[in-house]
Structures are given as C-alpha cells and as structure tokens.
Amino acid sequence: MYSIIRFILFLFNPETAHHIAMKSLRLADFFGLLSLIPSPKNGKPRVVFGIEFKNSVGLAAGLDKNAEYIDCLAKLGFGFIEVGTLTPRPQPGNPKPRSFRLTKERGIINRFGFNNIGIDEAILNIQRSKYKGVLGINIGKNFDTPIDEAINDYIICFRKAYNLATYIVINISSPNTKNLRRLQEEDFFESLISSIKEEQIALAKKYNKYVPFLVKVSPDGDVGELDNIIRLLLKYNIDGVIATNTTLARDEVAQSYFKDEAGGLSGEPLRLRALKTQQYIYKGLKGKVPIIGVGGIMEASDGKERINQGAELIQIYSGLIFKGHHLIHDLCEQTRQE
Ligand SMILES: Cc1cc2nc3c(=O)[nH]c(=O)nc-3n(C[C@H](O)[C@H](O)[C@H](O)COP(=O)(O)O)c2cc1C
C-alpha cells in the first residue's frame, strides 16, 4: 500500500509532498482511518532519563517542526515524538527549493534553516493536542542572533518549553544555520550547557518537576571535538545525547545529480557515519549518559544494530519517507524487550 502512496508523493518536490502527506494524514485521522492501524507489539516499556517509553522508536525532529500533527503522528505507532526545531521568534527559513530527494541513494538533502512559527505559537499547538505520550521539544537559535548571544535564545526556549515537554533537545548540530555548529566548540559548548543546566535546576525547583535535556550532535565532528563534548556531558551530568543530525559529507552520494546542493544529508548515505559517531560517543561515555541513535535507520536491522551498539532508543525521519509507517512496526518488533 505504501508503495502506491510513495509513488504518488514522489511525483512532487519533497516540500510539496511533505505538505500533501501531512494534510492527508490529518484527513485520514478525521475519518477515523488512523485508528485502524494496529498498535505495534511493544514489549516491556523502557525507562530512560527517568521517563517511561512505551516503545523505543521515536519520530526525529524536523518532520513536525511546528507541533501541528502530533496526534496523527502518534497514531502511526511511535513510542515518542520530537517536535521542532523551534526558535524564540518565527522565521521563514531559507529560500525554496531547499529540500532534495535522492531516490536511488535513499537520502534527502535539506537546507530548511529552521523555518518555524516560533516557540509561542508552537506551544499553543501542543496545548491544543490530545497527545499524552512522551513529547520531546527541540530548540535552537534564530538565524540572525549572533553566536555570542545564542545562549539567550536557548534559555528563552528552554523556559517556555519546560512545562510542556517530557524532554528538551538542545540542537547545536544543524548545518543550515550559519555558525550554529560552532556551539559544539569547547568554550561555547561549556558555557551553553552549564547555563542550561543551571536553568534546569532552577526550573525543577520552581515547578517541582525535573525535565531532562539532551544535546543533539553532528556526525561531522572530529575526534577532538567529540572528546570535548563527551568530557563536558559527563562533567555537567547531562541527561542524554542524540547521535546524530544530518551530514555535510557527500562521499556516499558522489554520483547523485543533487550532490552539490548545500545542506544536510540524511537517510541511507548517513547511516555509517552516524553509527560511527554513536559508537565513539558510547565508548567515551561508558554507558553513563543514555544515547538516542538516529541517522540512516532505513531497515529494522539498522535499528537493531544501533541498539546493540549502545543506543537506548532510536529515531527515524528519512526511513519513514522511504519505507512508510510499517518501518515503525518492524523496528518495534526488532528492538522489543520482553
Ligand atoms: C527535511 C529534514 C528536516 C530536518 N529538520 C530538523 C530540525 O529542524 N531539527 C533537528 O534537530 N533535526 C532536523 N533534521 C534531522 C533529523 O532529525 C535526523 O537527525 C536526520 O535526518 C537523520 O535521521 P534520518 O537519516 O532518519 O533522516 C531534519 C531532517 C530532514 C530530512
């Protein structure tokens, strides 16, 4: 069935296809069709970062940036949903076209640049949704906020997201916002995570509720950068890490017509790079900080491998586009704990 839907959607450019798919999902939900999808066989719920997950397969950030489709997406069987990246102020993102489908390679190049309605509007969407499951809110900085003032943007979003999120993600690894990845450099990274940690402690006291925060890292960092990240995650007792975001590398798609398009590459061509980054981080963290594995999980066996290599949970984006919601069920089956 999904092969027919995919055939039709792939006739459109990726951004138009995305809008058609999301509107159709909402329509299907309205007519009660999504309730016909059987729930995946979940096995034992997993407790990670002190949170209970009904299964280990989540939706990665970027697909529902504005938190508009949480209810429908949850009915596809995800164990958790991550919305965003959200910034303090709304912003349109980069000019179109800004997303390219590499069909043969099963990859996507995107340079959206955090197009979003801003955290205030997105929060209204979250409040309107009926979803009661695990919700991650992924936050970033506005494109025109200078890098020296970036911490303010994260703190603004962190405060606003705190009461509604089950966990919060600090995104410092998107390649499409100028200088954003500089926040992974030692000095910036230490001031950023220490400030957010302080804020987390203060808010936990104020609301009598602890909301974990995770850092989402790039697959393109060198060993020195990763070592620093590992050291500081341990030093500040950070709750978790998401490995990884998209890559700037093009070695896996050297034959593709779209290889020279600027942006982050996801899907199958990212798989090995994301896996290696996860393995390196896992070794450095010695199991002390839980990892969510993401990047190039296109088959159930890829998900199993990520769990075997140290991830507690996994997320998908490109795999959902190329394989449809059956991938969620296959992954749940393969990563189920009895
Ligand atoms: C079109 C598109 C938009 C994305 N937007 C975001 C985003 O706003 N924030 C973020 O943290 N990651 C974003 N990502 C990265 C994904 O969350 C994920 O880390 C990456 O795509 C690797 O997973 P995949 O290979 O399963 O797609 C985006 C990915 C794609 C393909």
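Counting convention: from 1, in listed order, for ligands and their atoms alike. Along the sequence shown, residues are numbered consecutively beginning with 1.
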Heavy-atom donor-acceptor pair, N116 side chain to T87 backbone, under 3.5 Å: yes
Donor on one side chain, acceptor on other, S173 and N171, under 3.5 Å: yes
Knowing that exactly one of L272, L265, L270 qualifies, which makes a side chain to side chain contact (heavy atoms under 4.5 Å, CB included) with P219? L270
Residues lining ligand 1 [heavy-atom distance under 4.0 Å, listed by chain and residue number]: A60, A61, G62, K65, G84, T85, N110, F112, N138, N171, K216, T244, N245, T246, S266, G267, L270, V294, G295, G296, I316, Y317, S318
Sequence neighbours excluded, the answer for ring-ring contact (aromatic ring centres under 6.0 Å, His included) partners of Y236 is none
Any idea how F322 and F10 line up, ring-wise: parallel (<30°), tilted (30 to 60°), or perpendicular (>60°)? perpendicular
Kindly assign one of parallel, tilted or perpendicular to the pair F80 and F53, based on the angle between their ring planes and the thresholds 30° and 60°. perpendicular
